[in-house]
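Sharing a structure below in structure tokens format, with a few things to ask.
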Amino acid sequence: MLFFLLLALVGLLGGGLCSPVTKSDTTATHSATLSSGARERRNARVIEDCMLVGLEEGTYFYKSRGTGEVCGVYLLSQPDEAVQVSFDYLNVDCDSDGLVSFVDGWELGGELFPGEVDAPLEGRVHEFCGRLKKKVFRSSGNAALIQYRIPSRGDGFKITVRYTKNPAPCNILVNDVSGVYTLRNHGRRQNCSVTMISPATVNLVQLSVGVVGNVANRALETGVLSRCQKRGVQDFVQIGGGQGLDPIHMMVEDSICGLDTNPRVPASHVLCGMTTVRMVSSGRVDNSVTVALSQIADPEVMPTLMCDLPL
């Protein structure tokens with residue numbers, strides 16, 4: 001089931017981050033006779049599809065048709081941004097098992113990004129039903145999810161989506177757009193990762209992990225060291241991939257550490273549904289790693305890591 005969900009998700013993301021097909025609520029009613037709620041809904045775009053990926057900033061309205069499906073709105077901003085969702089209005093019947101939740105990150109097939117090991121679940125999932133006038137949530141990274149099940153016909157909610165600057169991004173989720181990404185722990189004990197939702201080539205641009213010293217001082221450079229996790233080093237970078245969102249379950253090609261401002265190591269070609277670079281930090285060292293990720297376009301490329309095909 002996860003494989004087909006991933007295929008659906010990758011298919012939605014295949015053309016890049018895009019807006020869902022929505023339509024304006026253009027009910028022709030004189031403004032003097034409209035209730036305040038109706039006027040607000042008229043100015044909002046309507047959510048029509050059960051699974052949406054990548055809303056533009058703006059206001060959206062959902063009204064249940066009584067199907068009771070579990071649906072999701074997957075929000076994804078730029079790597080240096082956070083997702084802010086304001087629930088401006090909510091009316092969901094609790095007695096009919098109606099429920100709406102805001103998730104800090106993405107959930108798919110029972111797996112979370114970022115995973116619970118890297119970002120504890122406490123405080124990341126907010127569930128509610130009944131009547132709600134105003135509630136604002138903000139993600140810690142560039143990914144957020146609104147999940148909902150609203151069986152009662154006519155119930156619904158209105159949200160406003162905004163993307164705000166994130167000065168210290170740690171866990172980054174990207175679609176198939178190539179780019180250069182830097183992970184930093186800022187001297188804290190925290191794990192950071194960047195995951196591309198596609199098979200990808202990983203090129204190492206800069207590495208300063210597990211080494212105490214000034215990056216500008218080339219005399220201290222150790223070069224790129226391999227198999228750091230197996231050697232018992234507490235700070236390292238994993239390069240790998242998997243079919244699910246949680247990096248803790250991925251296959252690892254190598255774990256590297258060291259100091260190298262101009263690494264000349266072969267690129268990694270990860271042939272998996274998800275490609276991940278994960279930096280593990282003990283908090284004793286100020287770590288950073290910069291990588292270039294690009295979608296694998298050449299079908300003849302020889303993978304350095306290939307995931308098993310799901311059944």
Side-chain angles (χ1 to χ4, degrees), residues 9-10 12-25 40-41 43-62 71-90 100-108 112-115 118-119 123-126 128 132 134-148 156-184 186 190 192-198 245 274 276-277 290-291 293 295:
L9 185 59
V10 173
L12 286 167
L13 287 167
L17 192 61
C18 59
S19 301
V21 178
T22 62
K23 67 179 181 180
S24 298
D25 183 357
E40 291 174 352
R41 290 193 295 269
N43 296 325
R45 284 171 281 185
V46 178
I47 297 174
E48 295 186 321
D49 297 333
C50 183
M51 185 176 181
L52 297 177
V53 179
L55 295 183
E56 295 177 349
E57 290 185 305
T59 301
Y60 298 85
F61 175 70
Y62 173 76
C71 297
V73 179
Y74 290 80
L75 303 170
L76 193 65
S77 62
Q78 295 300 314
D80 61 347
E81 293 178 332
V83 180
Q84 178 178 297
V85 177
S86 171
F87 280 85
D88 304 318
Y89 163 84
L90 183 137
V100 177
S101 64
F102 173 87
V103 181
D104 180 1
W106 277 19
E107 186 276 334
L108 189 67
L112 279 170
F113 178 89
D118 296 342
R124 290 178 54 195
V125 180
H126 304 268
F128 38 87
L132 185 69
K134 186 77 171 182
K135 194 75 173 177
V136 179
F137 300 97
R138 188 176 186 270
S139 66
S140 58
N142 72 322
L145 167 64
I146 299 170
Q147 286 183 319
Y148 56 94
F157 57 83
K158 182 169 76 75
I159 59 172
T160 299
V161 177
R162 293 283 181 265
Y163 299 131
T164 61
K165 283 298 179 182
N166 184 1
C170 179
N171 292 293
I172 302 168
L173 190 65
V174 295
N175 60 359
D176 59 358
V177 179
S178 302
V180 177
Y181 306 93
T182 297
L183 301 176
R184 291 190 178 94
H186 300 280
Q190 65 179 72
C192 300
S193 61
V194 54
T195 292
M196 177 175 279
I197 310 174
S198 69
L245 286 173
M274 308 282 176
T276 296
V277 176
T290 302
V291 294
L293 295 178
Q295 187 181 24

Checklist line | OG on S198 to CG on N175, rounded to 0.5 Å | finding: 8.0 Å
Next item on the list: Could you check whether the rings of F102 and H126 sit parallel, tilted or perpendicular, using 30° and 60° as the cut-offs?
Entry: tilted
Check: If you round to the nearest 0.5 Å, how far is OG1 of T160 from CG of L55?
Finding: 11.5 Å
Notebook entry, point to check: Between atom CE of M274 and atom OG1 of T195, what is the distance when rounded to the nearest 0.5 Å?
Noted result: 8.0 Å
Checklist line | Separation between CG of N142 and OH of Y163, rounded to the nearest 0.5 Å | finding: 9.5 Å
Check: Going from NZ on K135 to CZ on F87, what distance comes out if it is rounded to the nearest 0.5 angstrom?
Finding: 11.0 Å
Check: What are the two closest non-hydrogen atoms of K165 and R138, and how far apart are they?
Finding: O-NH2, 3.0 Å
Next item on the list: For the residue pair S193 and N171, confirm or rule out a side-chain donor-acceptor distance under 3.5 Å.
Entry: yes
Next item on the list: Return the set of residues passing ring-ring contact (aromatic ring centres under 6.0 Å, His included) with Y148 (not counting sequence neighbours), or none when no residue passes.
Entry: Y62, F157
Next item on the list: Examine the side chains of S86 and K134 and answer whether a donor and an acceptor come within less than 3.5 Å of each other.
Entry: yes
Margin query: Would you compute the distance between atom CG of L173 and atom CG of L75 and round it to the nearest 0.5 angstrom?
Written below: 11.5 Å
Margin query: Tell me the closest heavy-atom pair linking P114 and A119, and the distance in Å.
Written below: CG-CB, 3.7 Å
